[in-house]
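Below is one structure; the comments refer to it alone.
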Amino acid sequence: MGEKMKFSSSYEPGDFETDIYAAWEAAGKFLPKSGVKDASEMAVEGSENSHKRFSIVMPPPNANGNLHIGHGLTVALEDSLTRYYRLRGEKSWYIPGADHAGFETWVVYERTLEKEGHTRFEFSQSELYARVWDFVEQQRGNMELQLRALGASCSWEDLTFTLDENVVRRVYSTFEKMWKDGMIYRGEKLVNFCTKHQTAFADIEVEHKDEPGFLWDIGYELTEPTGDLTEIVVSTTRPETLFGDTAVAVNPEDARYKEVIGKTVKLPLTKREIPVVADEHADPEYGTGAVKITPAHDTDDFEVGLRHDLPRVTVIGFDGKMLPEAGEEYAGLTTEECRKKVLKDLEEQGLLRGEKKITHSVSHCYKCDTVIEPLLKEQWFIDTEKLAAVAIEHLEKDEIKFHPENKKKVLINYLKGLKDWNISRQIPWGIAIPMFRKMDDSTASPAVDPSNAPEWIFDTRTNLDEIEISGVKYRRDEDTFDTWFSSSHWPIVCTDWEEGIPNEFYPLNVMETGADILFAWVARMIMMGLYVTGEVPFKEVYLHGLVLDEHGKKMSKSKGNVINPMDLVSKYGSDAFRLGILRGRSAGMNQAFSENSVISGQKLCNKLWNISRFIQGIVDEEVEEKGFSYANVDVVLENEGSGGVTGADESRYGEGSAIHSSESDSINPEQYQYTTNNMGEDWICRELDRCREMVSQCMAEYRFAEAVEILYSTIWDKYADWFVESQKIYKNTSLLKASLETILTMLHPFAPFVTEAIWQNLSWTDGMIIDSKWPSRLEYDEISAENFERLRTVVSEIRATNVGLANVSRGEKYGLLYGEDTLVDDNTLLVKFLSRVPSVASTNGAPRGLRLALPGHELYLDVPSEVVLKYRDSLSEKILAVGKELDALNARMMNPAYVERAPAQLVKETRDAISEKEDLISRLKGQLEAI
RNA sequence: GGUUCCUUAGCUCAGUUGGCUAGAGCGCACGAUUCACAUUCGUGAGGUCACAAGUUCGAAUCUUGUAGGAACCACCA
């Protein structure tokens, strides 16, 4: 990339981005070692900086999918941080990942299987695993190319795939530890079962939807009439499950049913008798106040069953059809068919007592929308009690800082109510659970007695379906792990953490991910990190909200409002996308996406490009003209510019130019040395320095949008509009070079491509901006800088007044006259150029025209009296406006409590403002009277 | 039902221990124009900071309440 190209008149991202990324990657700029300094630098800086590092992991996108806009935001955030800390000289490691996306990928694969006319049941688990592996390999790569297009400066050779050998090894070792610690148990529990996908889900993966339904009342006849009662009427939305009823529950406080507690009722449509039990679960206010208890098909009933030691009768199979236990007539029907038949039969027997329309929430599979059936199944569970308690303890000790802060409370609240974690999934595409069950016919030789062998044993040989230990045969559990179980190890596996080996990158500096997976992922990483390593896995958490569509609605394929980040990248450029998506976004908030912000980012890139083109032009010109005419002109201008400035420290100017370099700060020895020759130059150094400080502060506090905002206004409103403009009069190439390098470096974390493209195009820069150094303090003269600030006010007022006059002046432009005004007197050429007046001259003691409303300045626009006359209305308006401001200030001072209690500085400022306004009003009034 | 958050310009959003005339981008209006950039330059209009009460010398900011909206968790026989 050494060859310098010519700047074209606009920035075309497409011409540079791919090449630049390839060059970075080829030069190894993304490796953590590229941030390591050589020994000599370390010696200069001392030990303070030398050990610093920055580590962050990427939430792994689906290996065979495409990136969506949320990934775009993730990369913009994470890569800005990484590049920022890399510029600051820290060993920066951004670790990329790819997710096997167990369920998602499985669904896609099963669909292709179906298209080929196959079903999963034709293959063994290991065959299926191998097939999906090939399928994913074929599909892989898109997402990685897209990450490159977004500019992610991640260390590709460290990419971790969620099924990599080291991940599996770590997951097995944790599982084994938990198994030994007694935290893993096999339990028959109700699981959220999708009968279409044939797998169980974690509670968190189930989607609840409010749907219209019916509440039916059914009469359950008492075996023996009690008091006035001959039957108990129960309310249910699922009559088909009545075959699995093993009790009827009433509230112990419910007077209506006190008598029947402990009695039995006849279960309709069958000959079974079931007890009436007293349980808080029955709400006297709801329905009839009596509820049928079906422990095998309802999570609440399951709990009731435990409390009353009720049997569990399963009547629905994993295929979603009724089992023989439901009775001959009903077996084989779908739940829906069965419900109809049950209702019909109940009605015929006169047991249907009522039907009421209600809205209730129903669980659905988040992928196929099938109604989730709670079914009894033996699964592996993790006892989360200790894990959660330890996590809460560390969170309460503030070991992890959250952005936004309130999410910590939300997380603790979640952990306090955390239930045991079902980690079994009936999906072949995942990490096999390393548990083997003793086979019924388990003796390999007659000499062995298998009865003493354990039912389940842990073994990592999951590539085998059967193993033999001490002559006993075991068969592998076919299930795989919940993907969140392996993902919870992400910071551990990505940083290659190992027991007993110091790891400078663990814990991570920050975990950046979506606020929507705070529970599913962040909570589990914290628990697992603490369990495995004893340390929290990251020191800070930054959670981003959802990127909503332009109307603030959630993006979804079904709504058709999905925005593809790659479309935006190709249309506006990668930098524009990054700047745009960061804009107006704060931690944890769901925010609408605005294409306008991306366009504004595109404009900034183009602006910066043109600023650079202009500066390069001046540099080239200087090289050509050095020695003759240019220098002569320059001397004249410089003399004017550096003349006595009101209130300025004269001695500073008397000594000539001040030479500044950043050597004193020692952070950035490569920064270009510069001198400041006039107040505009001091001013831009001050503004750039303020920008540098504010951006650093914002990055430390994860306020990305604000950092971008500050850079935008510094580059455009200050650097381009004032400094670069004023450099058309005073050319200071050393400062132009130094300041341009400064803004390029500061913008680089957010807009890596354009800044690198410019860096490569500039004639005097070396190397790559990606590993240049974050700017150190810029030197400037404060008084001189402040004088330029006053000059800006003057220029703005001249411009505004001229525009105001345009209505009455018929396009004529007026010159500027100055009386006792050293600031203007010393900078006539600059004032003339910036304010676009035809002339700037002294009043020579004979003021005329329209006096400008500027306190502390005696300036007039040389306007003929008839125009001033026409201008008097706007003059009166101005007096009124200033009067209002003055009234407000006076009211404040009239309050004795204010004067007494407010900080002295504030009171002084108010006083000064009042005298300034009073001054202004009297002058404006004088002007008005003079007309 | 529980937890948390939001309500500021036409739109999308900033506004960090309470403090000067509440900001930005886009949009809008008026004006400019060879020579870095029309992806430009200059100037401007537009806000009872959802509402009410309180604390305070001072509230967009803190407290309480009201109204509207959102997300997540739990439950809905």
Side-chain angles (χ1 to χ4, degrees), chain A residues 7 9-11 203-204 208 210 215-216 234-238 241 249 281-283 286-294 298-301 358-362 404 406-407 409-410 413-414 417 515-516 518-519 545-546 550-552 554 572 580 583-586 588-597 599-618 697-698 701 703 705-706 709 712-713 720-721 724-725 728 796 799-804 806-807 811 835-836 881 884-885 888-889 892 895-903 905-907 909-910 912-913:
Chain A
F7 279 105
S9 66
S10 66
Y11 174 61
D203 293 339
I204 211 161
H208 298 275
D210 281 338
L215 188 64
W216 288 283
V234 302
S235 302
T236 183
T237 54
R238 301 203 60 190
T241 63
H281 171 60
D283 176 1
Y286 194 88
T288 58
V291 53
K292 63 196 239 1
I293 300 300
T294 325
D298 182 282
T299 45
D300 284 329
D301 293 3
I358 55 156
T359 302
H360 61 152
S361 117
V362 182
N406 67 291
K407 292 290 179 190
K409 269 197 283 180
V410 177
N413 189 50
Y414 169 77
D516 53 334
L518 173 65
F519 299 153
L546 292 175
E550 55 178 338
H551 301 110
K554 206 166 164 172
Y572 302 110
R583 204 134 211 209
R585 218 162 275 281
S586 51
M589 296 293 300
N590 296 344
Q591 270 150 18
F593 174 78
S594 131
E595 192 156 330
N596 277 333
S597 295
I599 293 172
S600 130
Q602 184 199 23
K603 288 183 177 175
L604 181 66
C605 294
N606 188 60
K607 187 74 182 176
L608 191 59
W609 179 262
N610 273 291
I611 288 169
S612 309
R613 182 155 86 111
F614 176 69
I615 291 175
Q616 182 64 60
I618 291 176
Q697 188 71 21
C698 287
E701 293 166 15
R703 300 202 312 265
E706 206 179 327
E709 208 70 54
Y712 191 99
S713 71
D721 288 351
V724 173
E725 281 305 302
K728 287 175 179 172
S796 296
R799 287 168 177 170
T801 311
N802 260 326
V803 168
N807 293 329
S835 56
R836 306 283 143 107
K884 255 187 192 171
E885 288 167 19
L889 291 171
R892 197 176 303 164
N895 183 348
Y898 173 72
V899 182
E900 205 175 297
R901 298 197 200 181
Q905 178 61 25
L906 201 65
V907 176
E909 279 171 20
T910 311
D912 294 349

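Just so we're on the same page: letters track the sequence lines, and every chain starts at 1.
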* Asked: Which is true for A/A592 with a 4.0 Å heavy-atom rule: it touches a base, it touches only sugar-phosphate, or it touches nothing?
  -> sugar-phosphate
To the nearest angstrom, the CD1-C1' distance between A/I599 and B/G27 comes to 12 Å
Original post:
Using the P atom in both, what is the distance from B/C11 to B/G19, to the nearest Å?
Top reply: 27 Å
A/N413 atom CG is separated from B/C73 atom P, nearest whole Å, by 12 Å
Between A/R583 and B/G25, is there a side-chain N or O to OP1/OP2 distance below 4.0 Å? no
Does the A/S597 side chain pair with the main chain of A/F593, one donor and one acceptor, at a distance under 3.5 Å?
-> no
With a non-hydrogen cut-off below 4.0 angstrom, is A/N596 in contact with a base, only sugar-phosphate, or nothing? sugar-phosphate
Among the nucleotides B/A77, B/C5, B/C26, whichever has the atom closest to the side chain of A/K603 is B/C26
Legend entry - Distance between C1' atoms of B/A36 and B/G44 (Å, rounded): 27 Å
### Message
Please report the distance separating the C1' of B/C72 from the corresponding atom of B/C26, rounded so that it comes out in whole Å.
### Response
32 Å
Rounded to whole Å, the CG-P distance (A/D298 to B/C75) equals 10 Å
note: A/D912, atom CG; B/G19, atom P; distance rounded to Å ~ 20 Å
Item to check | N/O donor-acceptor pair under 3.5 Å between A/N590 side chain and A/G545 backbone | outcome: no
Between CG of A/L604 and C1' of B/G25 the distance, given in whole Å, is 12 Å
Atom C1', compared across B/G46 and B/C28: separation rounded to whole Å: 9 Å
Side-chain contact check for A/V803: nearest option of B/C20, B/G42, B/C5 is B/G42
Separation of B/C41 atom P from A/N610 atom CG, nearest Å, is 10 Å
Open item on the list: With rounding to the closest Å, how many angstrom separate the P atoms on B/U21 and B/C5?
Closed with: 31 Å
ask   = Going by atom types alone, do A/T241 and A/K292 pair a side-chain donor with an acceptor below 3.5 Å?
value = yes
Paired to B/G23 by Watson-Crick or G-U wobble criteria (both distances under 3.5 Å) is B/C13
Checking N1-N3 plus N6-O4 or O6-N4 for Watson-Crick, or N1-O2 and O6-N3 for wobble, each under 3.5 Å, the partner of B/G58 is none
By nearest-heavy-atom nucleotide on RNA chain B, the more 5' of A/E550 and A/K409 is A/K409
Exercise for the section: Assign A/E709 to base, sugar-phosphate, or nothing according to its heavy-atom contacts below 4.0 angstrom with the strands shown. Expected result: sugar-phosphate
Requested in this report: Would you indicate what A/P903 reaches in the nucleic acid, counting non-hydrogen atoms under 4.0 angstrom: base, sugar-phosphate, or nothing?
Outcome: base
By nearest-heavy-atom nucleotide on RNA chain B, the more 5' of A/S586 and A/K407 is A/K407
In short, A/A282 meets A/G289 closest at the heavy-atom pair CB-O, 3.8 Å
*Under-4.0 Å side-chain N/O to phosphate OP1/OP2 contact, A/H281 with B/A77*: no
Of B/C37, B/C73, B/U43, the nucleotide closest to the side chain of A/R799 is B/U43
Classify the side chain of A/E725 and the base of B/A36 as holding, or not holding, a donor-acceptor pair under 3.5 Å.
yes
Practice prompt. For B/U7 versus B/U16, give the span between their P atoms, rounded off to a whole number of Å.
Written response: 12 Å
Does A/K554 contact B/A70 through a side-chain donor or acceptor facing the base, at a distance under 3.5 Å? no
**Report entry** Donor + acceptor pair across side chains of A/R613, A/N610 (<3.5 Å)
**Finding:** yes
Would A/K603 pass as a cation-pi partner of A/Y11, given that its NZ or CZ must be under 6.0 Å from the six-membered ring centre and within 45 degrees of the axis? no
Any strand, both distances under 3.5 Å, Watson-Crick or G-U wobble: B/C37 pairs with none
> Checking A/R583 against A/Y712: charged group under 6.0 Å from the ring centre and within 45 degrees of the axis?
Replying inline: yes
The Watson-Crick or G-U wobble partner of B/C72, with both key distances under 3.5 Å, is B/G2
| task | Pick base, sugar-phosphate or nothing for A/R892, based on heavy-atom distances below 4.0 Å to the nucleic acid. | result | sugar-phosphate
Counting only side-chain N and O atoms of A/Q905, is one of them less than 4.0 Å from OP1 or OP2 of B/C20?
-> no
Closest of B/C26, B/U12, B/A36 to the A/Y712 side chain is B/C26
Point to revise | Atom C1', compared across B/G47 and B/U8: separation rounded to whole Å | key: 7 Å
Nearest-Å distance once atom P is located in both B/G27 and B/U40: 9 Å
Of B/U21, B/G19, B/A77, the nucleotide closest to the side chain of A/K292 is B/A77
Quick one: is A/K607 getting a side-chain N or O under 4.0 Å of the B/C41 phosphate, OP1 or OP2? yes
Using Watson-Crick geometry (N1-N3 plus N6-O4 or O6-N4) or G-U wobble (N1-O2, O6-N3), each under 3.5 Å, B/G47 is paired with none
Whole-Å distance, A/D283 CG to B/G1 P, equals 13 Å
Please assess A/V234 against A/V291 for the test side chain to side chain contact (heavy atoms under 4.5 Å, CB included), listing each intermediate value before the final yes or no. CA-CA 5 Å; A/V234 302; A/V291 53; 5.8 Å; no
Practice problem: Would you mind classifying the nucleic acid contact of A/A800 as base, sugar-phosphate or nothing, using non-hydrogen atoms under 4.0 angstrom? | Solution: sugar-phosphate
Here the distance between atom C1' of B/G25 and atom CD of A/E706, to the nearest Å, is 15 Å
Against the side chain of A/M589, the closest entry in B/C6, B/A36, B/G19 is B/C6
**Message:** Students often get this wrong, so: under 4.0 angstrom with heavy atoms, is A/S600 touching a base, only sugar-phosphate, or nothing?
**Reply:** sugar-phosphate
Reckon A/E900 touches a base, only the sugar-phosphate, or nothing at all at heavy-atom distances under 4.0 Å?
-> nothing
Using Watson-Crick geometry (N1-N3 plus N6-O4 or O6-N4) or G-U wobble (N1-O2, O6-N3), each under 3.5 Å, B/A52 is paired with B/U64
(Q) Quick check, does A/F7 stack with B/A36? I mean ring centres under 5.5 Å and planes off by under 30°. (A) no
Review point. Does A/D301 reach the side chain of A/H281, with side-chain heavy atoms less than 4.5 Å apart?
Key: yes
**Message:** On the nucleotide B/C35, are OP1 or OP2 found under 4.0 Å from the side-chain N or O atoms that A/R613 carries?
**Reply:** no
